[in-house]
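Shown next, in C-alpha cells, is the structure this report addresses.
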Amino acid sequence: CAATHFVGHVETVQTDWDRLAKGLGLPAFQDVRKEDVGQHASTSGDVLGRRGALAAVLEAEPLLKRGILELLALDYECFGYDMPTLPSKA
C-alpha cells in the first residue's frame with residue numbers, strides 16, 4: 001500500500017495504521033492514549049443543541065437533505081462509507 005494512495009479511518013485507526021506501517025516498513029501502532037487526556041466533557045457534547053437543530057431542519061426539508069447528500073456522494077464513495085438513502089425529489 002503506497003502512502004500517497006492511502007486513506008485511513010478514525011473508526012479503524014489501529015488496523016489502518018498497521019497496514020500502512022507494514023507497507024512503509026514502520027513500527028506497528030502503539031496506543032499511547034491516556035484515559036484522562038483528551039476528554040472534554042463540558043465541550044465535547046452538543047451543549048448548544050446544534051446537532052439536534054440540524055437534524056430537525058434536514059428532517060423538515062428533505063430536498064435540502066437530498067442536495068447535501070448529493071454534494072457529499074463522492075466523499076461517501078471515496079472513503080468507503082455507506083451512502084444514506086436519498087429522500088425523494090417530490
inquiry  = Please enumerate all residues that pass side-chain contact (heavy atoms from CB on, under 4.5 Å) together with A53, with sequence neighbours excluded.
reply    =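 Checked A53 against side-chain contact (heavy atoms from CB on, under 4.5 Å); zero matches.
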
Just distance, no hydrogens or angles: give the donor-acceptor pairs under 3.5 Å from side chains in residues 61-81, sequence neighbours left out.
{"from": "R66", "atom 1": "NE", "to": "E70", "atom 2": "OE2", "distance (Å)": "3.0"}
{"from": "R66", "atom 1": "NH1", "to": "P87", "atom 2": "O", "distance (Å)": "2.5"}
{"from": "Y81", "atom 1": "OH", "to": "E11", "atom 2": "OE1", "distance (Å)": "3.0"}
{"from": "Y81", "atom 1": "OH", "to": "E11", "atom 2": "OE2", "distance (Å)": "3.3"}

task = Sort and list the pairs that fulfil salt bridge (Lys or Arg N to Asp or Glu O under 4.0 Å) and have at least one residue in residues 47-59, not counting sequence neighbours.
result =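 Listed once each, the pairs would be none.
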
key: side-chain hydrogen bond (donor to acceptor under 3.5 Å, both in side chains) partners of T12, counting only residues at least two apart   =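 With sequence neighbours excluded, T12 shows a side-chain hydrogen bond (donor to acceptor under 3.5 Å, both in side chains) to D16, given in chain and number order.
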
